[in-house]
Amino acid sequence: MRIAKILFLIFLMLGLSSCGGRKREEAVKLIWWGDIYNRNFARKLVEAYNKTNPAIKVSLITPTGSYWMKLQTMMAGGTAPDVFLLSPTQAYELADKGALLSLNGYRTDPAYISFQESVWKALKDELTYKGSLYAIPIWTNTIGIFYNKALFDKAGVAYPTKDWTFKDLLKKAKLLTIRGKKGRIKQYGFGGFPLSVTPWNLDMLIKAFGGELYSKDMRRCLIDTPKSVAAVKWAVEVVNKYHVAPTPSELSTSKGVVSASGTDLFQMGKVAMVYWGRWYLAMLSKSPDLKWAVAPYPRGKRKVMYQAPIYLGISSTTKFPGASWKFIKFVMSKAGQKMLVTYRTEIPALRSVANTPEFLNYAGREDATRVFLGMLEYAGIPHYLPGKGEWFEFAKMKLELALLGKISVEEACKEIAGEYQQSVVRQ
């Protein structure tokens with residue numbers, strides 16, 4: 001009995017100590033991409049925020065595997081983070097599923113009003129779905145054509161101009177493709193366009209050729225219409241008919257890890273032009289002997305450019321909506337946006353910050369940065385209909401088969417459009 005009383009007193013004291021002790025600190029959970037580049041930046045961002053916001057701090061989650069899979073797993077398990085870093089497709093998917101908090105109540109916040117006054121035109125109140133604002137753009141990107149000036153000079157080919165066309169690109173690519181005595185290609189004129197129907201790539205190319213990838217109501221895929229087929233065929237023929245860009249097998253057998261656009265080969269001096277974004281400046285700055293410049297995306301029948309924003313959204317299940325919004329306000333403030341300029345190569349959402357000397361003179365290449373900013377003046381936002389993940393994979397597979405010559409472009413486009421219709425019916 002005496003031992004039992006002693007144990008009871010010990011447990012009682014421990015319980016009282018626990019109740020009277022320090023409460024577990026609450027924190028807003030932020031999930032961010034987990035590669036080294038993004039993880040290091042996110043840590044700096046969170047540290048800067050936490051220094052000035054001691055009440056409810058932000059804790060960082062940076063998964064090393066698939067970011068999207070990790071986020072979905074956490075949501076399914078009832079442990080969703082409070083704030084998400086999101087691509088456009090991810091943001092619309094989560095908004096459609098009711099997983100994002102409506103931000104309509106924050107539209108009258110002076111910080112949001114100020115943000116709207118300085119953000120790029122196409123990004124104003126942009127991620128609105130079924131009448132509600134669900135995410136805030138924090139940075140964006142446009143696409144240009146990087147070209148090797150030394151290879152152009154050696155071949156006596158004129159540099160691209162700001163008004164050049166797809167015909168100009170193909171003509172230059174032919175002149176810049178060099179074959180050996182046995183016909184083996186020693187230098188490619190162009191790296192090729194990524195054949196992907198995910199928002200940004202093929203959609204932009206099709207629109208430039210005068211076609212449309214989707215109907216206005218997004219209920220039909222128009223990739224099988226004549227102008228759209230012509231755009232896809234052009235991209236395939238650059239590789240297979242004219243062979244001025246590497247085939248998939250040529251990319252995979254070259255030394256090192258090679259991107260779909262042939263950027264590694266560009267740095268090796270084996271590709272004269274590549275399609276890529278401003279983030280490529282970070283890699284090119286490590287190749288000081290490479291003489292390069294950037295041209296705008298070529299014109300077709302229409303002058304087209306899509307931008308690819310990245311967003312922050314808040315979980316609909318968060319216990320800290322106000323604190324979560326406070327963190328997003330920090331990221332979209334001038335202080336947060338200036339951190340983007342300091343540590344990243346993407347274009348900040350605020351025009352005022354993008355036009356500062358710190359941003360313009362990154363890597364000493366204001367000329368290149370001006371090209372990407374210039375395209376933002378007319379760059380729109382690609383359309384997206386939630387629930388199309390499986391269709392994207394189907395379309396990617398069919399386009400790859402067309403590129404490999406296994407099926408015709410017409411057949412691939414017909415099957416992609418048909419599968420889209422079936423996915424709409426299934427919804």
Side-chain angles (χ1 to χ4, degrees), residues 143-161 164-196 201-202 205 208-209 229-277 280 283-284 286-295 297-298 300 396-413:
I143 283 291
I145 305 294
F146 288 81
Y147 60 95
N148 187 316
K149 296 174 71 175
L151 297 184
F152 271 72
D153 292 342
K154 186 177 180 180
V157 178
Y159 299 152
T161 65
W164 72 322
T165 66
F166 285 97
K167 288 183 178 179
D168 294 330
L169 186 149
L170 182 57
K171 182 179 179 180
K172 293 179 190 300
K174 289 178 179 178
L175 295 172
L176 289 159
T177 298
I178 299 175
R179 292 171 170 81
K181 292 181 179 179
K182 295 183 179 180
R184 184 178 180 182
I185 296 179
K186 299 165 62 177
Q187 174 185 300
Y188 296 95
F190 184 48
F193 284 109
L195 284 173
S196 167
N201 293 328
L202 196 54
L205 182 66
F209 270 69
V229 170
V232 179
K233 184 174 287 188
W234 187 88
V236 169
E237 288 181 345
V238 163
V239 176
N240 291 336
K241 180 179 178 180
Y242 304 110
H243 204 184
V244 295
T247 65
S249 61
E250 288 166 339
L251 284 173
S252 64
T253 56
S254 60
K255 294 181 180 179
V257 179
V258 183
S259 78
S261 297
T263 49
D264 286 11
L265 293 177
F266 180 80
Q267 288 170 259
M268 295 164 62
K270 294 185 178 181
V271 167
M273 296 180 286
V274 289
Y275 160 108
W276 220 227
Y280 195 31
M283 296 177 65
L284 292 179
K286 298 175 183 178
S287 304
D289 296 331
L290 191 66
K291 296 180 180 179
W292 58 270
V294 183
Y297 189 79
K396 178 183 176 182
M397 179 262 292
K398 290 298 178 180
L399 289 168
E400 286 177 350
L401 289 175
L403 188 60
L404 292 169
K406 302 294 184 181
I407 60 175
S408 68
V409 169
E410 290 82 358
E411 183 181 356
C413 291

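Hydrogens, waters and symmetry mates are skipped; everything else that's a heavy atom, side chains included, is used.
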- Query: Taking the side chain as C-beta and beyond, is there a heavy-atom pair between N148 and F266 under 4.5 Å?
  - Reply: yes
- Task: Inspect the contact between E410 and K233 and indicate whether a charged nitrogen and a carboxylate oxygen are less than 4.0 angstrom apart.
- Result: yes
- Looking only at heavy atoms, what is the nearest atom pair of S408 and A402, with distance? O-CB, 4.4 Å
- Query: Does F190 reach the side chain of Y147, with side-chain heavy atoms less than 4.5 Å apart?
  - Reply: no
- Query: Can you name the ring pair (Phe, Tyr, Trp, His ring centres under 6.0 Å) partners of Y188, sequence neighbours left out?
  - Reply: none
- Query: How would you list, by chain and number, every residue that makes a side-chain hydrogen bond (donor to acceptor under 3.5 Å, both in side chains) with S287, sequence neighbours excluded?
  - Reply: none
- Message: For W292, give me all partners under ring pair (Phe, Tyr, Trp, His ring centres under 6.0 Å), at least two apart in sequence or on another chain.
- Response: F146
- Query: Tell me the side-chain hydrogen bond (donor to acceptor under 3.5 Å, both in side chains) pairs involving residues 171-182, sequence neighbours left out?
  - Reply: none
- Task: List in chain and number order the residues that pass side-chain hydrogen bond (donor to acceptor under 3.5 Å, both in side chains) with E400, two or more places apart in sequence or in another chain; answer none if no residue qualifies.
- Result: none
- Note on the structure: side-chain hydrogen bond (donor to acceptor under 3.5 Å, both in side chains) filter on D153, not counting sequence neighbours, yields Y159
- Could you state the interatomic distance from CG (N201) to NZ (K396), rounded to the nearest 0.5 Å? 11.0 Å
- Minimum heavy-atom separation for L290 to Q267, with atom names? CD2-CA, 4.1 Å
- Query: Are any side-chain N or O atoms of N240 and backbone N or O atoms of L404, one a donor and one an acceptor, separated by less than 3.5 Å?
  - Reply: no
- Item | Atom pair CD1 (I407) and CE (M397), whose distance is rounded to the nearest 0.5 Å | 8.0 Å
- Query: Do Y280 and V294 come within less than 4.5 Å of each other through their side chains, counting heavy atoms only?
  - Reply: no
- Locate the shortest heavy-atom distance separating A245 from G191; write the atom from each residue and the value. CB-C, 4.0 Å
- Separation between CG of L151 and CE of M273, rounded to the nearest 0.5 Å: 10.5 Å
- Task: For the residue pair P298 and I145, establish whether any side-chain heavy-atom pair is separated by less than 4.5 Å.
- Result: yes
- Message: Parallel, tilted or perpendicular, judged at 30° and 60°: which one describes the rings of F209 and W234?
- Response: tilted
- Measure the shortest side-chain to side-chain distance between L195 and L202 over non-hydrogen atoms and say whether it is less than 4.5 angstrom. yes
- Item | Separation of L265 CG from E250 CD (nearest 0.5 Å) | 9.5 Å
- Could you state the interatomic distance from CH2 (W164) to CG (L169), rounded to the nearest 0.5 Å? 4.0 Å
- CG of L401 to NZ of K406: how many Å apart, nearest 0.5 Å? 8.5 Å
